[in-house]
Amino acid sequence: MKKITISENQKGLVFVNGKYEKTIGAGKYTLFGGKTVEVLRVNEPVHSVNCELETILADDRLKDSIVAVEVGDQQIALHYVNGILHEVLQRTGKYAFWSETAEHTFRLLDMSKPEIGDDVPRYILEQLPRALCTKVEVADYQKALLYFDNKFQRVLEVGTYYFWSNAAKVTVRMVDTRLTQVNITGQEIMTQDKVALRINLVCSYRITDCVKILTEIDDFEEQLHIAAQMALRSYVGRYKLDDLLANKDEMSAYVTEQLRAKEQELFLEIVDAGIKDIILPGEIRDIMNTVLIAEKKAQASVITRREEVASTRSLLNTAKLMEENQTLYKLKELEYMERICENVGNINLNGSGDMLTQLLGVIGGKGA
């Protein structure tokens, strides 16, 4: 004989010689005649180590005490306790819970198709393990190409999307629809006069068909690069170096026109294209620098001669005016006397006459 106590938060499974007989609630019990009791907690799933769950569920006396749910293949069950999401039941099989102390409800979700419908609240999907679903966020400047098992499905617009992870392989390719600028680094291109140039180009474009540009073109940026290079080669090969340097805008306009002719083929809108740099060979650059220095020196010499002529002409005009006007001559004398006095500390005058006459005599070489 053995005595056992079952608490309020417990249930007891009674076995007679190892066979399930009944379930008992809280209280004190005396066991005899080969009886044993397995104690279970009511706030935990119904699970016995001594018998199968089906055996317990077959007891009609427990139909109001236990609630059960069965999760099939490609399903999960949302388990709510008193209306609050408690857990996600992922494994296939039957689950049972004691319903006397709490209300247990379930919602089965079908995972056989990758897309999750709008009937599943987003706050629930945010609580699911990341291994169960894939979250895809598409920004307002993007479009997303959706693939199931590498098969294209559709284009996803701006928004947030969720997909089951175990139904199919879900992949997404993002496409940036904003205006994009690409630097096209030039290869060596030979001019008509056999000078090897490197020309760098800047091109601005916008994608017009996000599906075809990824499904029908292998690396569209490389294709754009090649098209720009071919346009540059076609233009540069027809002109000499001096003509090219003098007509950079014309070269940019030609390349832009050639690229726009391929817009439909590349599924792009070419907004603009322009020459960024023209890189000359080292020896050509040195020669051009020498020519530039010589030109600037010649221009400086011309300007110097022009200024000298202008200065001489000004002096000549001044001399003629002074010769014709004695008052102007005297004023000029006084101006020079003022300049001299500013730079002389002391002047000693000996002789008769007023000071101004003596000073003028000194300046003119007539004084002592």
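Within 6.0 Å of CE in M174 there are more than 12 heavy atoms belonging to other residues, nucleotides or ligands. Heavy-atom contacts from other residues, nucleotides or ligands closer than 6.0 Å to CD of Q264 number 12 or fewer. Within 6.0 Å of CD on Q192 lie more than 12 heavy atoms contributed by other residues, nucleotides or ligands. Heavy-atom neighbours of E8 CD from other residues, nucleotides or ligands within 6.0 Å: at or below the threshold of 12. Counting heavy-atom neighbours within 6.0 Å of D219 CG, excluding the residue itself, gives a total above 12. In this structure, N317 places its CG atom where more than 12 heavy-atom neighbours from other residues, nucleotides or ligands lie under 6.0 Å away. By the 6.0 Å contact criterion, CZ on R91 is open, its count of non-hydrogen atoms from other residues, nucleotides or ligands being 12 or less.
Using modelled atom types, no side-chain atom of S99 and backbone atom of E103 make a donor-acceptor pair closer than 3.5 Å. Without hydrogens or angle criteria, D209 side chain to V211 main chain gives a donor-acceptor distance under 3.5 Å. Between the side chain of R107 and the backbone N or O of Y80, no donor-acceptor pair lies under 3.5 Å. Under a 3.5 Å cut-off, the side chain of D149 and the backbone N or O of K169 do form a donor-acceptor pair. R173 places no side-chain N or O within donor-acceptor distance of the main-chain N or O of L145, the cut-off being under 3.5 Å. Judged by distance alone, with hydrogens and angles left aside, the side-chain atoms of Q223 form no donor-acceptor pair with the main-chain N or O of F220 at under 3.5 Å. Using a distance-only test at 3.5 Å, with no hydrogens or angles considered, a donor-acceptor pair links the side chain of D193 to the main chain of L241.
With respect to D118 and R122, a salt bridge is recorded, a charged nitrogen being found less than 4.0 Å from a carboxylate O. Salt-bridge annotation for K11 and E100: present, with a side-chain N of the basic residue lying under 4.0 Å from a carboxylate O of the acidic one. The pair E263-R206 does not meet the salt-bridge criterion, since no charged nitrogen lies less than 4.0 angstrom from a carboxylate oxygen. We find that D242 and K240 are not joined by a salt bridge, their nearest charged nitrogen and carboxylate oxygen being 4.0 Å or further apart. By the 4.0 Å N-to-carboxylate-O rule, E307 lies too far from R305 to be salt-bridged with it. For the pair D176 and R178, the salt-bridge criterion is met [side-chain N within less than 4.0 Å of a carboxylate O].
No hydrogens or angles considered: nothing links the side chains of Y95 and E70 as a donor-acceptor pair under 3.5 Å. Side chain to side chain, D272 and Y205 fail the donor-acceptor criterion of an N or O pair below 3.5 Å. Checked by atom type, the side-chain pair E38/N50 shows a donor-acceptor distance below 3.5 Å. Of the N and O atoms on the side chains of Y254 and S234, at least one donor lies less than 3.5 Å from an acceptor on the other residue.
Hydrophobic clustering, with ILVMFWY side chains joined whenever heavy atoms are under 4.5 angstrom apart, keeps V42 apart from F97. Residues L40 and L62 fall within the same hydrophobic cluster, defined by Ile, Leu, Val, Met, Phe, Trp and Tyr side chains chained together at heavy-atom separations under 4.5 Å. Hydrophobic clustering places V255 together with I278 (ILVMFWY residues linked when any side-chain heavy atoms are closer than 4.5 Å, directly or through intermediates). Linking ILVMFWY residues whenever their side-chain heavy atoms come closer than 4.5 Å, directly or via other members, places Y235 and V195 in the same cluster. V271 and L201 fall into different hydrophobic clusters, where Ile, Leu, Val, Met, Phe, Trp and Tyr side chains are chained together by heavy-atom contacts under 4.5 Å.
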Requested in this report: Check the pair R41 / N43 against side chain to side chain contact (heavy atoms under 4.5 Å, CB included), numbers first and verdict last.
Outcome: CA-CA 6 Å; R41 297 179 63 87; N43 60 352; 3.5 Å; yes

Query raised in the report: Between I184 and V202, does a side chain to side chain contact (heavy atoms under 4.5 Å, CB included) hold up when you go through it step by step?
Result: CA-CA 6 Å; I184 300 176; V202 177; over 6 Å; no

Report task. Could you give me the CA-CA distance, side-chain angles and deciding distance for R238 and D243, then say whether salt bridge (Lys or Arg N to Asp or Glu O under 4.0 Å) is met? Result -> CA-CA 10 Å; R238 295 181 295 178; D243 297 332; over 6 Å; no

Query raised in the report: Could you go step by step and tell me if V155 and L146 meet the side chain to side chain contact (heavy atoms under 4.5 Å, CB included) rule?
Result: CA-CA 6 Å; V155 176; L146 176 65; over 6 Å; no

Report task. Start with the C-alpha gap between K135 and E137, add the side-chain angles, then the distance that decides, and say whether salt bridge (Lys or Arg N to Asp or Glu O under 4.0 Å) holds. Result -> CA-CA 7 Å; K135 180 180 179 180; E137 294 182 300; 3.8 Å; yes

Query raised in the report: Do L109 and W164 pass the side chain to side chain contact (heavy atoms under 4.5 Å, CB included) test, and can you show the C-alpha distance, the side-chain angles, and the key distance before you say yes or no?
Result: CA-CA 10 Å; L109 299 179; W164 297 121; 3.9 Å; yes

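Put simply, the side chain of K94 reaches to within 4.5 Å of the side chain of E54, judged on heavy atoms. Using a 4.5 Å heavy-atom cutoff, the side chains of N183 and K276 are in contact. No side-chain heavy atom of I207 sits less than 4.5 Å from a side-chain heavy atom of F267. Counting only heavy atoms from C-beta outward, the side chains of T5 and Q10 never approach each other to under 4.5 Å. Contact annotation: the side chain of C51 approaches that of F15 to within less than 4.5 Å [non-hydrogen atoms, C-beta and beyond]. Put simply, the side chain of D59 reaches to within 4.5 Å of the side chain of Y20, judged on heavy atoms. A 4.5 Å side-chain heavy-atom check between L13 and E21 finds every atom pair outside the cut-off. No side-chain heavy atom of L31 sits less than 4.5 Å from a side-chain heavy atom of K3.
Closest approach of M111 and I76 over heavy atoms only: SD-CG2, 3.2 Å. Closest of all the heavy-atom pairs between G274 and S252 is CA-OG, 3.6 Å. S165 and A131 get closest at one heavy-atom pair: CB-O, 3.4 Å. Nearest approach of T191 to Y239, heavy atoms of both residues: CB-O, 3.5 Å. Nearest approach of V170 to P114, heavy atoms of both residues: CG2-CB, 4.2 Å. Scanning all heavy atoms of the two residues, the minimum distance from G72 to T92 falls at O-OG1, 3.7 Å.
With rounding to the nearest 0.5 angstrom, the CG atom of L89 is 8.5 Å from the CG atom of L78. To the nearest 0.5 Å, atoms NZ (K262) and CG (L224) are separated by 11.0 Å. Rounded to the nearest 0.5 Å, atoms NZ (K2) and OG1 (T36) are 8.5 Å apart. With rounding to the nearest 0.5 angstrom, the CG atom of L259 is 8.0 Å from the CG atom of L266. Note: I6 CD1 to Y29 OH = 7.0 Å, rounded to the nearest 0.5 Å. Atom CZ of residue R61 and atom OG1 of residue T23 lie 7.0 Å apart, to the nearest 0.5 angstrom.
Using bins of under 30°, 30° to 60° and over 60° for the plane-to-plane angle, the ring pair H104/H79 lands in the parallel bin.
The only member of L232, D277, L244 that meets side-chain contact (heavy atoms from CB on, under 4.5 Å) when paired with I199 is L232.
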